[in-house]
Trainee: 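What follows is a single structure, and I will ask about it in a moment.
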Amino acid sequence: MNVIDRRRAAWHLRKLGWNTSGRARLDQAIRDFQGGYTRTTLKADGVLGAKTMAAILESSSFRSSKKRGGTASPNFNFTEFACKCGGKYAGCRRIVVDRDLVRGLEKLRAKHYPRGLNVVSGYRCPAHNKAVGGATASQHMSGKAADIPSIVKAESVRALGVFGGVGVTARTGTVAHVDVRPGSATWLYN
């Protein structure tokens, strides 16, 4: 792609929530976009090819239209997964989300959240994760986790077979955290 295409991609990715100032940040934003986009499978290599550019433009077109769907998937926007630090900490990539997490959340939403499912917390940069007392190896730091409204019972979430990690609120037995780690882990929150 030429310089004009890179500028165009940078502009659209900025509108979608990424920091694209400088070549390295733009390359990382492209890679992070590719890794979270679910409408087609893009190789997360940071290369701005024709398929990636078309996906960026399509995603950007959904940004301003609630009827057409989310920017990452039919029902989720990339900004829902943005680090809550807002770029305050050096090295924050702002938005990182794994496409398997988004696909899992789509299945969870379809089955158990007919009125919609909002992500309470998605990606956390390492500094923000530390500031909020997150686990040192938190799946949030790799964009593989989401905290969600605690409404659905753990058995129902596990039955979907899409999440490796399930955090359960001890008092209610409902799920407050899901992630797509390899393997299986379940824990209780007080």
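This is a predicted model, so every value here is computed, not measured.
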Trainee: What's the spacing between Thr186 OG1 and His177 NE2 if we round to 0.5 Å?
Mentor: 10.0 Å

Trainee: Is the backbone N or O of Arg39 less than 3.5 Å from a side-chain atom of Arg99, with the two atoms forming a donor-acceptor pair by type?
Mentor: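 It does not hold such a pair.
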
Trainee: Testing the basics here: between Ala9 and Ile56, what is the closest heavy-atom pair and its distance to 0.1 Å?
Mentor: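 So the minimum-distance heavy-atom pair works out to CB-CD1, 4.2 Å.
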
Trainee: Out of Leu26, Ile95, Ile30, which one pairs with Trp18 under the side-chain contact (heavy atoms from CB on, under 4.5 Å) rule?
Mentor: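 Option passing the side-chain contact (heavy atoms from CB on, under 4.5 Å) with Trp18: Ile95.
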
Trainee: Is there a side-chain contact between Phe163 and Val175, using heavy atoms and a 4.5 Å cut-off?
Mentor: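 SC-SC contact between Phe163 and Val175 ruled out.
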
Trainee: Measure from the side-chain N and O atoms of Gln34 to the backbone N and O of Thr52, and report whether any donor-acceptor pair falls under 3.5 Å.
Mentor: no

Trainee: Determine yes or no for a side-chain-to-main-chain donor-acceptor pair under 3.5 angstrom, with Lys153 supplying the side chain and Thr172 the backbone.
Mentor: yes

Trainee: Salt-bridged, Arg93 to Asp32, with N to O below 4.0 Å?
Mentor: yes

Trainee: Salt bridge between Arg181 and Asp98, side-chain N to carboxylate O under 4.0 Å?
Mentor: no

Trainee: Without hydrogens or angle criteria, can the side chains of Asp179 and His140 be said to hold a donor-acceptor pair below 3.5 Å?
Mentor: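 Distance-only check fails for Asp179 and His140.
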
Trainee: Taking atom OH of Tyr123 and atom SG of Cys85, what is their separation to the nearest 0.5 Å?
Mentor: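 Here the rounded value is 7.5 Å.
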
Trainee: Determine whether Asn118 and Tyr113 make a side-chain contact, defined as any pair of heavy atoms from C-beta on separated by less than 4.5 Å.
Mentor: no

Trainee: For a quick check under 3.5 Å, do Thr79 and Asn77 share a side-chain donor-acceptor pair by atom type?
Mentor: no

Trainee: Please report the closest heavy-atom contact between Val180 and Val162, naming both atoms and the distance.
Mentor: CG1-O, 3.7 Å

Trainee: Of all heavy-atom pairs between Leu16 and Phe78, which one has the smallest distance, and what is that distance?
Mentor: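 Taking every non-hydrogen atom into account, O-CB, 4.1 Å.
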
Trainee: Is the ring pair Phe76/Phe81 parallel, tilted or perpendicular, if the boundaries are 30 and 60 degrees?
Mentor: tilted

Trainee: Going by heavy atoms in the side chains, are Ile148 and Val119 under 4.5 Å from each other?
Mentor: no

Trainee: I need the Cys83 SG to Lys88 NZ distance, nearest 0.5 Å.
Mentor: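 Taking SG in Cys83 and NZ in Lys88, the distance rounds to 10.0 Å.
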
Trainee: Is Val178 close to Leu105 at the side-chain level, that is, under 4.5 Å between some pair of heavy atoms?
Mentor: yes

Trainee: Is it true that Arg14 and Thr20 share a donor-acceptor pair across their side chains at a distance under 3.5 Å?
Mentor: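 A pair is found: one side chain offers a donor N or O, the other an acceptor, under 3.5 Å apart.
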
Trainee: Mind checking the OG-OH spacing from Ser59 to Tyr37? Nearest 0.5 Å is all I need.
Mentor: 5.5 Å

